[in-house]
There are 2 protein chains.
Amino acid sequence: MEDNKFSYKYPHPAVATDCVIFGFDGNSLEVLLIERGLEPYRGRWAFPGGFVKIDESCEEGAVRELQEETGLVNPYIEQFHTFSEPGRDPRERVITIAYYALVCKQDVKGGDDATKAQWFKLNDVPQLAFDHDLILRVALNRLREKIHFEPIGFELLPDKFTMRQLQQLYEAILEVQFDRGNFAKKMLHYNILNQLDESVWPTPKREAKLYSFNIENYNDMKRKGYRMEF
Amino acid sequence: MEDNKFSYKYPHPAVATDCVIFGFDGNSLEVLLIERGLEPYRGRWAFPGGFVKIDESCEEGAVRELQEETGLVNPYIEQFHTFSEPGRDPRERVITIAYYALVCKQDVKGGDDATKAQWFKLNDVPQLAFDHDLILRVALNRLREKIHFEPIGFELLPDKFTMRQLQQLYEAILEVQFDRGNFAKKMLHYNILNQLDESVWPTPKREAKLYSFNIENYNDMKRKGYRMEF
DNA sequence: TCAAAAGTGTTCTCCCTACACCCATGG
DNA sequence: CCATGGGTGTAGGGAGAACACTTTTGA
């Protein structure tokens, strides 16, 4: 095989990244999937991802793939697990470093048109290619654990949001119901929200205040050793 | 190069595992290090680890290396991060999937004698080979996060232990001081300890009750959705 | 007899919970 | 005028923090 220019003394697996992209539509948590155009698993949905280049870190690779396929720049991204079962890819031994990204759906323009991308509500996700069903389960667990103690939820919302939107986001991720008053009280108590002068009519009823995330106060809080918890 | 029998169309990184082994000596958290006998970083200390075989998962590889180098069988092991900076290994591109193991020091016999292994208190850890300083920092963070909500500390203790030993373990890991009475009250309240009939003299003073971890009750608790927190 | 450590109890405070109540808006 | 949703207040209970008290042992 003349094409195989890269030789090693011992067998090397291929190394890829996959990225679970979470978004929020106001009611449900969603993930962005891509329909595979090539074998294997042609026609099945999968997470965006690809092979890591030899001179980039895995995180750089994941960010690069993300931008190529969704147009996202500077996304919130976090590594959560590496999947390495032999046989998880029928072509050759591939291990994949999996990331999840939290994006505000408005920011996703859709990448190059060759790839067919689509948002799926968590309950509507079809059977996925490779071991991506497993990857999704692990990603969800990690997201739920993380949001208990870090204000990562804000990455899924626009810059300005109402208290109800924030509550619905937490309820969608954690699959619980919060008391309206207590949620607002607790959230405001952490002092990580700016209350803006503006307001909106999120429903046909009464207008609601708008808030933004105050990252400086949050960093102060962390520096002083406080933890938030939800 | 006649030796290079394994060829690929695109360059492949090498894939390794490293394992941060935590132990507890009664006062301090410790890690097991191995002195490197070969270049690079010959003479420097590093975590046990090695390359992943082409037909084993990374976890299988980590467990195998662990047994080869320490004699440990069936250890508590958990993947926590994958390190992939280009240049982290001067020989070739190597990405490493990092695990931490929690062991009861009594169970470690020491592996084959060719490798020089030694326990280091966290404060006495020297500068390590490769990026293992970073790996240790990340491992410690993850261990601290995890022990807040899961009773993994018991893996570091003998089967039978006193309340004070357990408290000292938590204090060593989290670097805080607990009130004696409150710690015992809270821990017993979770109902995950068996109080044994035996007792010991852990100090030259008064005898103390012995406890063991009740994993059935803990699993019950988890199934019912309760969380422990420390 | 004293110091140290184990075991247990008590009080105070704070936060979370579950509601209740008012206000604004559109039908 | 009523239903819906935003905003705020209040009473009760539970858990943690601080600390005190007793008992047992060796020096």
Side-chain angles (χ1 to χ4, degrees), chain A residues 26-27 147-149 151 157-158 160-172 174-212 221 224-230, chain B residues 25-27 147-149 151 153 157-158 160-212 217 221 224-230:
Chain A
N27 285 300
I147 204 171
H148 271 296
F149 306 103
L157 292 174
K160 305 170 181 180
F161 48 85
T162 66
M163 192 59 78
R164 173 163 291 260
Q165 287 179 297
L166 187 59
Q167 179 175 349
Q168 283 172 329
L169 172 64
Y170 271 77
E171 290 179 341
L174 297 174
E175 293 185 313
V176 294
Q177 296 290 111
F178 292 105
D179 176 272
R180 213 165 34 86
N182 295 336
F183 181 87
K185 216 182 307 172
K186 191 171 175 182
M187 194 56 91
L188 291 172
H189 175 256
Y190 286 119
N191 201 31
I192 57 174
L193 296 184
N194 299 316
Q195 184 182 319
L196 306 178
D197 294 331
E198 315 159 63
S199 51
V200 285
W201 279 261
T203 68
K205 301 294 177 184
R206 192 174 157 181
E207 69 175 338
K209 295 176 186 168
L210 278 175
Y211 296 91
S212 68
M221 192 178 99
K224 290 171 186 157
Y226 295 142
R227 282 214 320 264
M228 64 176 295
E229 171 167 0
F230 261 91
Chain B
D25 75 342
N27 284 301
I147 204 171
H148 271 295
F149 306 102
L157 292 175
K160 306 170 181 179
F161 49 86
T162 66
M163 191 59 78
R164 172 162 292 260
Q165 288 178 296
L166 187 59
Q167 178 175 349
Q168 283 172 330
L169 172 63
Y170 272 77
E171 290 179 340
I173 296 180
L174 296 175
E175 293 186 314
V176 294
Q177 296 290 111
F178 291 106
D179 176 90
R180 218 166 31 87
N182 295 335
F183 181 88
K185 216 183 306 171
K186 190 171 174 182
M187 193 56 90
L188 290 172
H189 175 256
Y190 286 119
N191 201 31
I192 56 173
L193 296 184
N194 298 316
Q195 184 182 320
L196 307 178
D197 293 332
E198 315 158 63
S199 51
V200 285
W201 279 261
T203 67
K205 302 295 176 183
R206 192 175 156 181
E207 70 174 338
K209 295 177 187 168
L210 278 174
Y211 297 90
S212 67
N217 282 7
M221 192 178 99
K224 289 172 186 156
Y226 294 141
R227 281 213 321 264
M228 64 175 296
E229 171 168 0
F230 261 92

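Numbered from 1 within each chain, the chains take letters A, B, ... in sequence-line order. Below, all heavy atoms of this structure are taken into account, side chains as well, without hydrogens, waters or symmetry copies.
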Is the shortest side-chain heavy-atom distance between [X] and [Y] below 4.5 Å?
X      : Y      : value
B/E229 : B/Y190 : yes
B/R164 : B/Q168 : yes
A/M228 : A/P151 : yes
A/L193 : A/F161 : yes

| Distance check: side-chain N/O of B/K209 vs OP1/OP2 of C/dA5, anything under 4.0 Å? |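 Checking B/K209 against C/dA5: no side-chain N or O falls below 4.0 Å of OP1 or OP2.
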| message | I want to check one thing: is the phosphate of C/dA6, taken as OP1 and OP2, less than 4.0 Å away from some side-chain N or O of B/R164? | response |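 Yes, such a contact exists.
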| task | Kindly state which residues belonging to residues 180-191 of chain A come within less than 4.0 angstrom of DNA chain D, counting heavy atoms of the residue only, listed by number. | result |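 Within this stretch, A/R180, A/G181, A/K185 sit under 4.0 Å of the strand.
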| message | Are there over 12 heavy-atom neighbours, none belonging to A/K186, within less than 6.0 Å of that residue's NZ? | response |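 Yes, NZ of A/K186 has more than 12 neighbouring heavy atoms, counting only those of other groups under 6.0 Å.
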| Within 6.0 Å of OH in B/Y226, more than 12 heavy atoms from elsewhere |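 No, because the 6.0 Å sphere around OH of B/Y226 holds 12 heavy atoms or fewer from other groups.
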Could you check how far [atom1] of [X] sits from [atom2] of [N], rounded to whole Å?
X      : N     : atom1 : atom2 : answer
A/Q168 : D/dG5 : CD    : C1'   : 11 Å
B/Q195 : C/dG7 : CD    : P     : 8 Å
B/L166 : C/dA6 : CG    : P     : 13 Å
A/L210 : D/dG6 : CG    : P     : 12 Å
A/L196 : D/dG6 : CG    : P     : 17 Å
B/M163 : C/dA5 : CE    : C1'   : 15 Å

| message | Can you say whether a donor on the side chain of A/R206 sits under 3.5 Å from an acceptor on the base of D/dT4, or the other way round? | response |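 No, the side chain and the base share no sub-3.5 Å donor-acceptor pair.
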| said: Looking only at the side chain of B/W201 (C-beta and beyond, no hydrogens), which of the listed nucleotides C/dG26, C/dA18, D/dT25 gets closest? | reply: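 Closest nucleotide to the B/W201 side chain: D/dT25.
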| Closest to the B/D179 side chain: D/dC19, D/dG6, C/dA6? |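 When the side chain of B/D179 is considered, D/dC19 is the closest of D/dC19, D/dG6, C/dA6.
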